[in-house]
Amino acid sequence: MKKQILLIHTGGTISMHVNEESGAVVPDEINPLTKEHEKLERFAHITEIEAFNLPSPHMTPEHMLKLRNIIQQQLKQTYYDGVVITHGTDTLEETAYFLDLTLNTRIPIILTGAMRSSNVLGSDGIYNLVAAIRVASEEKAYGQGVLVVMNDEIHAAANVTKTSTSNVATFQSPQYGPIGLITLTTIHFHHSPVMREYVDLENLNKRVAMLKTYAGMDPDIFEAIRQAKYDGIVIEGLGQGNVPPSLVPSIQALIDDNIPIVIVSRCFNGIAQGVYGYTGGGKMLEDLGAIYTTGINGQKARLKLLVALNQTDPNLKLEEFFHNN
Ligand code: ASP
């Protein structure tokens with residue numbers, strides 16, 4: 001029997017075309033995906049909603065929260081076997097992870113997109129969309145959290161990242177790999193995310209900044225962030241999570257102001273943790289009160305901190321929440 005799938009469009013290249021005169025990739029007034037309904041109905045009963053029509057660099061956490069609310073409301077009103085979301089690829093991993101943290105459901109939630117717009121040779125939009133609908137209709141996708149389906153692979157929201165600016169094989173999960181593969185006729189899951197986290201939130205009124213460290217970095221950027229009164233900061237540290245010594249007094253001042261500092265590594269493989277005891281070393285930063293987390297990149301750690309600072313559970317302990325990964 002065909003499954004009931006809720007299909008939500010948010011924009012991105014999958015909903016764009018190349019303008020022949022200018023050569024630029026631009027959004028369509030009418031989303032080209034909405035003309036493909038019949039093709040998609042071969043795979044499932046599709047209920048289609050256009051939430052936004054945004055290039056994904058225009059996406060904000062407020063849009064992500066709105067999308068979470070639309071999904072929650074739709075699932076309350078109507079029975080669906082799965083949800084598919086079309087999205088621009090630039091920030092797709094962020095929306096996927098935000099939804100993973102803030103949706104409390106076992107039904108498959110799948111994000112997909114395209115690297116080539118609707119009217120170019122080798123366009124991958126409809127292909128990826130059909131694959132996403134097939135995965136959303138699959139029993140084995142239940143309880144796996146929010147997933148990203150692109151280029152015949154299934155990735156967990158926490159691990160996946162965009163690795164290439166233009167290649168169709170852009171989505172990878174460094175260190176972890178995809179959790180499943182898709183062929184023309186079959187869908188294979190070969191491992192599952194070990195844990196799921198859920199936190200509820202109603203509003204987003206805190207701000208979190210993210211800084212990538214580099215050799216010889218001056219502390220003035222940290223000072224500017226302190227003056228701007230951000231509520232939290234994620235630092236992409238060097239190696240196992242170290243920073244240049246010049247930054248230590250500013251980090252100390254932020255911690256003294258009760259601004260949480262979360263550290264990930266700017267390396268995309270390995271574990272970030274407090275190991276080194278020299279000035280700016282991870283052990284020293286941990287002793288100052290910085291929180292280390294691993295398994296998620298900087299942009300996802302930023303969303304996790306944003307969600308944590310805005311969530312409604314008074315018992316949530318920030319350190320434990322970040323050590324869960
Ligand atoms: N810049 C586009 C966007 O993220 C790229 C894409 O959709 O793949 O909306």
Side-chain angles (χ1 to χ4, degrees), residues 7-36 40 48-68 70-71 83-100 109-133 135-136 146-174 178 182 210 268 296-300 302-303 306:
L7 173 58
I8 306 178
H9 300 298
T10 69
T13 299
I14 192 165
S15 299
M16 297 185 194
H17 72 284
V18 173
N19 179 301
E20 275 167 22
E21 268 164 44
S22 68
V25 181
V26 287
D28 284 88
E29 253 167 49
I30 296 173
N31 187 336
L33 293 175
T34 56
K35 298 179 199 146
E36 305 287 354
L40 304 179
E48 223 164 332
I49 294 178
E50 277 202 86
F52 322 112
N53 193 2
L54 294 173
S56 78
H58 295 197
M59 205 73 178
T60 63
E62 286 73 23
H63 290 114
M64 297 175 197
L65 182 59
K66 216 167 173 185
L67 186 58
R68 192 283 308 246
I70 292 173
I71 296 168
V83 179
V84 173
I85 300 158
T86 61
H87 199 290
T89 54
D90 291 355
T91 62
L92 186 149
E93 67 195 81
E94 286 171 72
T95 299
Y97 188 59
F98 183 95
L99 296 177
D100 197 45
I109 311 279
I110 317 290
L111 278 89
T112 194
M115 295 303 287
R116 298 178 184 144
S117 62
S118 60
N119 62 339
V120 300
L121 202 61
S123 164
D124 53 338
I126 289 297
Y127 186 87
N128 286 334
L129 182 51
V130 165
I133 290 169
V135 175
V146 174
L147 302 174
V148 172
V149 167
M150 293 272 297
N151 197 39
D152 285 340
E153 291 184 346
I154 308 167
H155 292 265
N159 305 135
V160 72
T161 193
K162 185 173 183 178
T163 63
S164 164
T165 55
S166 58
N167 193 307
V168 291
T170 185
F171 281 99
Q172 309 281 330
S173 298
I182 304 161
M210 178 175 83
F268 55 83
I296 48 175
N297 59 22
Q299 53 270 33
K300 287 186 200 167
R302 179 190 166 266
L303 279 175
L306 189 70

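Scope of the values below: all heavy atoms of this structure, side chains included, with no hydrogens, waters or symmetry mates. Ligands are counted one by one from 1 in listed order, and the atoms in each one are counted from 1 as well. Predicted, not measured: the structure shown is a model, and the values here were computed from it. This chain uses plain numbering: 1 for the first residue, then up along the sequence.
For P174 against T161, the heavy-atom pair with the smallest separation is CD-CG2, 3.8 Å. Nearest heavy atoms, F98 versus R68: CE2-CB, 4.4 Å. Nearest heavy-atom pair across R116 and T13 is C-CG2, 3.7 Å.
Side-chain N or O atoms of N128 include one that pairs as donor or acceptor with a backbone N or O of N151 at under 3.5 Å.
Looking at heavy atoms from C-beta onward, L33 lies in side-chain contact with I126 at the 4.5 angstrom threshold. Considering only heavy atoms from C-beta on, M150 stays 4.5 Å or farther from V160 through its side chain.
A heavy-atom cutoff of 4.0 Å around ligand 1 is satisfied by the protein residues G12, T13, P55, S56, P57, G88, T89, D90, A114.
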